[in-house]
Amino acid sequence: MLSSRVRLVPTTVRLVHSMICNSSSSFMDLKALLSSLNDFASLSFAESWDNVGLLVEPSPPHPVNTLFLTNDLTEEVMQEALRKKADLILSYHPPIFQPMKCITWKTWKERLVIRALENRVAIYSPHTAYDAAPQGVNSWLAKGLGVCTSRPIHPSKAPNYPTEGTHRVEFNVNHTQDLDEVISTVKGISDVSVTSFSARTDDEEQTRISLNCSQQALIQVVAFLSQNRQLYQKTEILSLEKPLLLHTGMGRLCTLDEPVSLATMIERIKRHLKLSHVRLALGVGRTLESQVKAVALCAGSGSSVLRGAEADLYLTGEMSHHDVLDAASQGINVILCEHTNTERGFLSDLRDMLGAHLENKINIILSETDRDPLHVV
């Protein structure tokens, strides 16, 4: 018996050591995790009006073992997150949107912040950054349509490309003019970068000056150039536009490989979203047997994104009454599924994608209590 016990000790030690190693490797520092989340889908893709990113931060350091995913962070969902020992809640919709003047027990959103800080739980929201991302919410919604090609309705622009500045100013300087003085002066203006190269105009050797500058610096550059009539009359000012990202942006315009009837499309959408009912507005002159080839969609509230898109069908969570009337008057069918029903299903895909992206370093769980507040009765 003694011999048997001696043989078992190394095995026990190895098991305990393995558990310790696995436990230690299942944590990520909050700041490192936030960096990885931004690599997955840059917050720069979010709309300017949105409130995205880290909304509540416990005092550092803050190790994260469990990432909790939800579409909406309600008090019921917060209770679930606390029961499941969440260290970071990723709430698709930002629970903090309007500025808070105080943090008391008076309103439910203030109570969320209090509970989060008391229990050392961070809160992060990606919202429209995930709407725009190539692998985001709208691309997931498009999966329910059938085989199709899609592109953003409103493509995003590259955040930091190709160069700094909002304008480019170009002009020629004759060699008889004081080239050094001109270059020295424009270089002395803040937010200006200058390049020069040789150029020939009307068989005359000249120097071409090209500078990039901010909107504020442009005023100073123009003020300087206007002092020299010969320079100013030949000055060109270009507005710099950042290139469009072809697979990133708001909404999706989807073209089906094979057109289907509206009735078939309705069933596909209900199956994808796991809904028994949707709301339908038939376009003028359309029936359930009308063919659908092009679908413009936007998860959540789609009025502003879908407006003006040319399609046979608009698919979104909610639209204003008058936007529905406008679309229908143009022969465009409209399907409304309620706001969060067009978003929540994405979280299952997100859990798998983030698991792979984070190399399964932390636990990722889905809320079981998060649900759309509206029900058909």
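These figures come from a predicted structure and were not determined experimentally.
Using a distance-only test at 3.5 Å, with no hydrogens or angles considered, no donor-acceptor pair links the side chain of Gln79 to the main chain of Glu75. A distance-only check finds a donor-acceptor pair linking the side chain of Arg111 to the backbone of Lys106 [under 3.5 Å]. In this structure, Asn138 contributes its side chain and Ala299 its backbone to a donor-acceptor pair below 3.5 Å. At least one donor-acceptor pair closer than 3.5 Å links the side chain of Asn51 to the backbone N or O of Ile96. A donor-acceptor pair under 3.5 Å is formed between the side chain of Ser261 and the backbone N or O of Thr264. Side chain of Ser150 to backbone of Arg252: no donor-acceptor contact under 3.5 angstrom is found.
Taking the ring centroids of His339 and His93, they lie under the 6.0 Å cut-off.
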Would you give me the side-chain donor-acceptor pairs under 3.5 Å for residues 348-358, sequence neighbours excluded?
residue, atom, partner, partner atom, Å
Asp349, OD2, Lys143, NZ, 3.0
His357, NE2, Ser36, O, 2.8

What donor-acceptor contacts under 3.5 angstrom involve side-chain atoms of residues 185-196, with partners at least two apart or in another chain?
residue, atom, partner, partner atom, Å
Thr185, OG1, Glu181, O, 2.8
Thr195, OG1, Ser210, O, 3.2

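Within the 4.5 Å cutoff, the side chain of Glu47 has no heavy atoms near those of the His127 side chain. Counting heavy atoms from C-beta on, the side chains of Pro95 and Ile123 come closer than 4.5 Å. You'll find the side chain of His167 stays beyond 4.5 Å of the side chain of Asn212, heavy atoms only. Two residues are said to be in side-chain contact when any heavy atoms from C-beta on lie closer than 4.5 Å; Val182 and Phe171 meet this criterion.
Of the residues listed (Arg208, Gln230, Glu204), the one engaging Asn172 in a side-chain contact (heavy atoms from CB on, under 4.5 Å) is Arg208, and it is the only one. Under the side-chain contact (heavy atoms from CB on, under 4.5 Å) test applied with Thr316, the options Leu297, Leu336, Leu141, Thr342 reduce to a single match, Leu336.
Contact detail for Leu112 and Thr74: the closest heavy-atom pair is CD2-O, 3.7 Å. Here the shortest heavy-atom pairing between His154 and Ser304 reads NE2-O, 4.3 Å.
Listed by first and then second residue, the ring-ring contact (aromatic ring centres under 6.0 Å, His included) pairs involving residues 235-271 amount to none (not counting sequence neighbours).
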